[in-house]
Amino acid sequence: MPKIIVEVMPKADLLDPQGKAVANALHRSGNERFENVRIGKRIELHVSGEVTEADLAQAKLVAESFLSNGVIEDVVNIHVEG
Amino acid sequence: MPKIIVEVMPKADLLDPQGKAVANALHRSGNERFENVRIGKRIELHVSGEVTEADLAQAKLVAESFLSNGVIEDVVNIHVEG
Amino acid sequence: MKIGVVTFPGTLDDRDAARAARLAGAEVVSLWHADTNLHKVDAVVLPGGFSYGDYLRCGAIAAQAPVMESIIKAANGGLPVLGICNGFQVLVESHLLPGGLIRNEHQNFICRDQKLRVENVDTAWTNEFELGQEITIPLKNGEGGYIATQETLKQLEGDGLIAFRYLELNPNGSMNDIAGLRNARGNVVGLMPHPEHAVEPGFGPDTATAMRSGVDGLKFFTSVMKALVNA
Amino acid sequence: MTYEVDSTAVAASTPEKKQPWKELGLKKDEYERIVEILGRRPTSAELAMYSVMWSEHCSYKSSKIYLRQFGEKVTDEMKKHLMVGMGENAGVVDIGEGWAVTFKVESHNHPSYIEPFQGAATGVGGIVRDILTMGARPIAVMDQLRFGAVEHPDTARVVHGVVNGIGFYGNCLGLPNIGGETVFDKVYQGNPLVNALSVGAMKHADIKLAKASNPGDLVILFGARTGADGIGGVSVLASETFDADGPSRRPAVQVGDPFAEKVLIECCLELYAADVVAGIQDLGGAGLSCATSELASNGNAGMRVQLKDVLLRDESLTPEEILMSESQERMMAIVPPKKLKAFMAIVDKWEVETSVLGEVIDEPRLYIMWGEDEIVNVPPRTVAHDGPVYERPVKYPKWIDELNANGVIAAGLRRAEVASDLAAELVQVISSPNQASKSWITDQYDHYVGGNTALAMPDDSGMVRVSETSGLGVALATDANGRYGQLDPYAGAQLALAEAYRNVAASGAAPLAVTNCLNFGSPENPEVMWQFKQATAGLADGCLALGIPVTGGNVSFYNQTGDVAIHPTPVVGVLGVIDDVARRVPSGWQDEGNNIYLLGVTRDELDGSVWSEVIHDHLGGKPPVVDLAEEKKLADLLHGATLQGLLASAHDLSEGGLAQTMVESCLRFNVGARIWLGELQERDNLDTTAALFSESTARVLVSVGREDDVKFVGLCEARGVSVLRIGVTDGRGDDALLQVKDLADFSLQDLREPWAATIPDLFG
Ligand SMILES: Nc1ncnc2c1ncn2[C@@H]1O[C@H](COP(=O)(O)OP(=O)(O)O)[C@@H](O)[C@H]1O
Ligand SMILES: [Mg+2]
């Protein structure tokens with residue numbers, strides 16, 4: 001089944017506690033090259049048949065209105081896979 | 001700063017209650033086209049300077065050993081951005 | 001007998017676990033996550049809480065702590081280890097127990113007095129129970145849904161490695177109603193509910209006879225004391 | 001991008017420069033006063049600092065003149081247990097055995113409307129830091145929530161976000177949630193109230209104060225890094241009203257990290273134990289602006305600080321933004337230089353990032369440098385304490401006369417006469433959203449962590465053990481009824497106080513001290529100011545009558561959508577002490593065959609009641625009569641009976657009246673009862689509706705074992721508390737019945753189902 005992938009990240013100027021904790025853990029284990037870590041969501045919407053333009057438009061709509069919270073998150077990418 | 005993006009999803013044959021809850025909510029609001037939803041993580045590793053082959057290899061290592069739990073999750077994609 | 005109680009950053013129930021161990025007659029030793037030294041303890045409790053905020057996956061960052069290296073080694077050598085809630089998650093992330101723990105099916109954190117059935121009494125932490133005994137201890141978690149592949153589940157059932165099952169209500173969508181597991185040797189036990197919150201009359205779950213009087217959790221700690229004496 | 005530093009030298013040489021004082025929320029005369037204080041125009045950093053510290057939220061400029069009475073209307077007797085009074089981060093009371101307790105309730109209303117999850121979460125985080133700042137280990141939290149109408153499409157968003165946020169933060173901190181309030185009313189639609197309370201305990205010697213008084217001591221910032229969170233949050237979020245289209249300026253919200261706060265708590269407690277801090281202050285609203293100026297002002301000293309030494313999450317922040325940032329999970333400590341090494345060893349152990357920003361100086365001035373440039377040079381008192389004080393216009397709202405005249409009798413509200421109709425009304429009342437079980441919410445909160453919770457929901461108060469050796473503990477209850485507040489704000493505040501006081505007494509503790517969070521509309525509306533004036537007077541007079549002091553609190557103004565203010569909602573918290581929590585009294589019947597007594601007198605008081613709301617959608621008339629002398633007598637009686645171990649249960653009567661209390665008493669432990677109302681109706685001259693649903697105050701329903709009967713009734717008579725046996729407990733389990741003579745037999749199952757289903761059906 002083809003999928004629409006929606007990627008959501010915490011807004012760049014807000015704290016991402018999860019990313020911070022993971023960055024610290026990486027640094028403790030010697031991975032200093034990864035200076036900063038941010039963690040967001042990867043959401044797969046499975047669509048049966050073809051992904052139409054209308055599906056994509058609708059995915060965009062729900063990505064902005066429901067799958068992400070515009071006050072603290074950004075939708076950084078929407079694309080079709082498979 | 002360039003980033004290595006690591007994408008992690010729950011294993012296809014395991015339960016994803018969060019994805020299921022989101023799918024139900026979408027269906028309730030009339031979005032039946034999105035038959036199934038699965039929710040995973042999008043992890044950004046920020047690297048200063050160039051992303052080298054060594055960085056990428058190391059990202060792969062931590063993606064498999066730490067950023068995901070192979071018992072319940074799969075790393076579905078690692079790529080460089082920016 | 002010395003029981004070590006581990007504190008990671010974000011551990012919450014370490015003082016409760018220490019109190020429970022003391023009530024069972026143990027001497028309690030605090031173990032610090034950054035220290036590989038286990039201070040010659042006879043058993044270890046990995047208590048509940050939100051180690052490292054439960055960020056990434058619960059228990060995942062804690063499983064990387066220096067103290068865990070020593071605990072994994074000692075557990076493989078037979079040291080009794082009990083993982084409660086977040087401690088169970090750490091055991092799973094350390095691969096001392098199989099499977100994984102994910103977000104509760106209903107998506108919410110849940111705190112309730114939970115009925116369990118004791119499925120296995122041949123372990124260091126359950127030998128004071130009777131097989132099939134029904135006990136009530138508090139449960140509180142947001143990510144307590146136990147999952148594993150069908151293969152793993154089959155093996156767990158076949159080998160009798162399920163230590164506790166939820167009764168009456170499965171609070172988090174765990175597969176096969178699994179509330180807790182043991183390893184093959186029986187020295188490592190992990191469970192989502194909190195025995196250390198049912199050890200002192202007045203502060204435990206309600207029972208039919210009196211409010212907050214449930215002390216079913218104390219047997220975990222008296223079990224390990226007995227196992228250690230007999231060892 | 002180059003940043004042009006607006007130093008004090010630049011400010012002195014460019015007096016004509018236009019400054020955005022208005023956009024920052026300052027009034028013209030306020031700006032002029034700043035110029036007068038400094039003898040020049042302020043630098044942009046100074047302007048930022050004054051604007052945020054002189055905002056309503058930080059300066060209490062509209063409420064100050066009224067809050068004074070909490071410190072004035074007190075007797076020496078009331079001060080006896082007070083170790084730290086109002087004005088500090090939180091008040092501290094002596095509870096005996098060398099223990100002290102600190103507690104406070106605070107609002108996070110506006111942020112919780114914009115981003116319910118983070119708003120509520122950071123609300124919990126903020127109040128817990130206040131408690132920690134006093135030197136105490138936080139031991140519990142509570143939350144007081146008011147949402148819009150259950151059927152409104154936006155309510156679920158706010159409910160889910162707020163409840164999840166409170167649970168997320170409190171659970172992750174390891175603090176048991178021991179109680180709170182949940183109310184739905186359309187007046188809170190665009191303006192939910194999210195108040196959070198925390199309580200902490202410490203030994204007397206461990207009390208810490210927020211002051212920097214020794215020159216040479218170091219000024220240290222530690223905890224989370226400073227980022228762009230909530231910049232302008234305090235002045236914009238707390239001082240501006242939302243118009244109908246939502247917030248006019250979308251502010252940066254704050255994101256909380258409860259893990260960082262948990263680490264900070266343990267780290268601070270270890271710093272206190274090592275005795276390495278001379279003063280400490282949390283960073284909340286107004287961030288560094290507040291911490292630096294308050295520490296210096298409280299210590300009658302000054303401070304020299306290098307802002308470039310602040311550890312940043314985002315290097316592009318300007319110095320003004322750094323001063324205003326509301327990044328969470330940060331603390332500022334004042335540390336003697338010879339203790340720096342020990343201090344650093346502890347923060348390193350906890351991996352808490354730390355930077356030394358400067359030092360305390362001998363001159364009452366606050367100097368803040370940005371590299372080589374001096375960007376702030378002010379007397380700290382003028383920022384922190386000598387802000388503007390307003391005596392806002394007050395106007396009696398004429399509409400209240402009409403409202404008061406329209407009581408349930410004047411309005412001719414129909415009272416059911418047939419038993420089956422009354423029984424149906426009872427079920428309707430107890431399963432209405434505000435009266436139904438709140439377990440769907442409270443089950444999302446950990447109430448076990450710590451192992452010291454002696455009572456939590458659904459009992460009348462939350463109770464935690466403080467001393468594990470003696471069993472010494474504290475009980476807390478909070479209350480507010482906006483409907484009563486709307487009918488009469490003076491009485492409304494006293495009714496909130498009386499109910500919280502009664503709840504604490506019912507659980508077996510002796511009430512000791514009071515905190516409050518005063519949620520009101522815009523202070524620029526003279527009628528709102530009248531409500532505020534009445535409510536504060538009511539509360540202060542009430543505390544004096546009961547002999548328990550206000551130790552601290554919080555004011556939240558501008559709670560309105562457009563021009564429509566919320567009902568006055570003064571949340572009042574009462575703290576009580578109990579010498580051994582093993583004596584605690586639950587709210588439900590525990591054993592069969594106990595006698596059930598109603599204490600106190602019932603009047604036909606249905607104005608503003610739940611019955612009038614649920615059955616008739618009506619609000620009018622006068623709230624129930626407050627009789628604080630009776631409340632005190634009742635509390636003393638309950639305390640005496642608890643000490644003698646006479647009470648099997650005690651549950652106060654409040655919203656929903658006797659009907660609600662009876663049902664909750666049954667459902668607590670699934671114990672049934674036979675009740676007769678005839679003698680009560682005859683004695684107090686009541687019809688059945690009033691007997692069931694009247695909300696008369698100073699009443700409690702208790703159950704007493706047969707063997708203690710004579711003793712208990714004797715005690716009541718000796719103390720002049722009216723007592724009437726109205727039933728006996730009977731039966732256990734879901735098949736048990738609540739039999740109300742001449743009314744109906746309810747199976748507990750038939751009561752539990754609708755009562756338990758309402759909230760999950762709406763939001764589950
Ligand atoms: N938001 C909440 N958080 C925690 N506890 C709550 C909340 N709402 C209600 N409760 C608890 O539920 C119980 C019933 O609430 P309520 O009927 O308002 O009590 P009361 O009438 O005694 O004020 C109490 O124990 C109260 O503390
Ligand atoms: Mg009550």
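Proteins get letters first, then strands, A, B, ... in listed order; numbering begins at 1 in each. None of the values given here were measured: they were computed from a predicted structure.
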By a 4.5 Å heavy-atom criterion (distance strictly below it), what part of [X] contacts chain D: side chain, backbone, both, or neither?
| X | result |
| --- | --- |
| Tyr52(C) | both |
| Asn104(C) | neither |
| Ala20(C) | neither |
| Pro205(C) | both |

Checking Arg212(C) side chain against Ala454(D) main chain: does a donor-acceptor pair fall under 3.5 Å?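 Such a contact is found between Arg212(C) side chain and Ala454(D) backbone.
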Please determine, among Gly588(D), Ala582(D), Gly451(D), the option with the most heavy-atom pairs under 4.5 Å with chain C.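 Heavy-atom pairs under 4.5 Å are most numerous for Gly451(D).
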Among Val449(D), Asn171(D), Asn164(D), single out the residue with the greatest number of heavy-atom pairs under 4.5 Å to chain C.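 Ranked by contacts with chain C, first place is Asn171(D).
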Give a yes or no on this: more than 12 heavy atoms of other residues, nucleotides or ligands lie within 6.0 Å of atom [atom1] of [X].
| X | atom1 | value |
| --- | --- | --- |
| Lys73(C) | NZ | no |
| Arg15(C) | CZ | no |
| Asp735(D) | CG | no |

Taking side chain as C-beta onward, heavy atoms only, is Pro9(C) less than 4.5 Å from Phe259(D)?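 Yes. Closest side-chain heavy atoms under 4.5 Å.
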Measure up the His197(C) and Tyr448(D) rings against each other and bin them: parallel (under 30°), tilted (30 to 60°), perpendicular (over 60°).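 The arrangement is parallel - the two ring planes meet at less than 30°.
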Contact origin within [X] toward chain C - heavy atom pairs under 4.5 Å:
| X | result |
| --- | --- |
| Val581(D) | side chain |
| Leu455(D) | both |
| Glu468(D) | side chain |
| Asn452(D) | both |
| Gln590(D) | side chain |
| Glu351(D) | side chain |
| His447(D) | both |

What pair of heavy atoms forms the shortest contact from Gly10(C) to Lys262(D), and how long is it?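 Closest approach of Gly10(C) to Lys262(D), heavy atoms only: CA-CG, 4.0 Å.
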Shortest non-hydrogen contact from Cys172(D) toward Gly53(C):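 Looking at all heavy atoms of both residues, the shortest contact is SG-CA, 4.3 Å.
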Between Glu200(C) and Arg465(D), is the closest basic N to carboxylate O distance under 4.0 Å?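 Yes, Arg465(D) and Glu200(C) are salt-bridged.
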Before giving the answer on side chain to side chain contact (heavy atoms under 4.5 Å, CB included), spell out for His194(C) and Asp446(D) the whole-Å C-alpha distance, their side-chain angles and the decisive distance to 0.1 Å. CA-CA 12 Å; His194(C) 288 256; Asp446(D) 182 352; over 6 Å; no
Just give me the residue among Asp14(C), Asn108(C), Ile110(C) that pairs up with chain D most often, heavy atom to heavy atom, under 4.5 Å.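 Counting heavy-atom pairs under 4.5 Å, the top option is Asn108(C).
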Counting heavy-atom pairs under 4.5 Å to chain D, which of Glu196(C), Gln107(C), Arg112(C), Arg19(C) comes out on top?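 It is Arg19(C).
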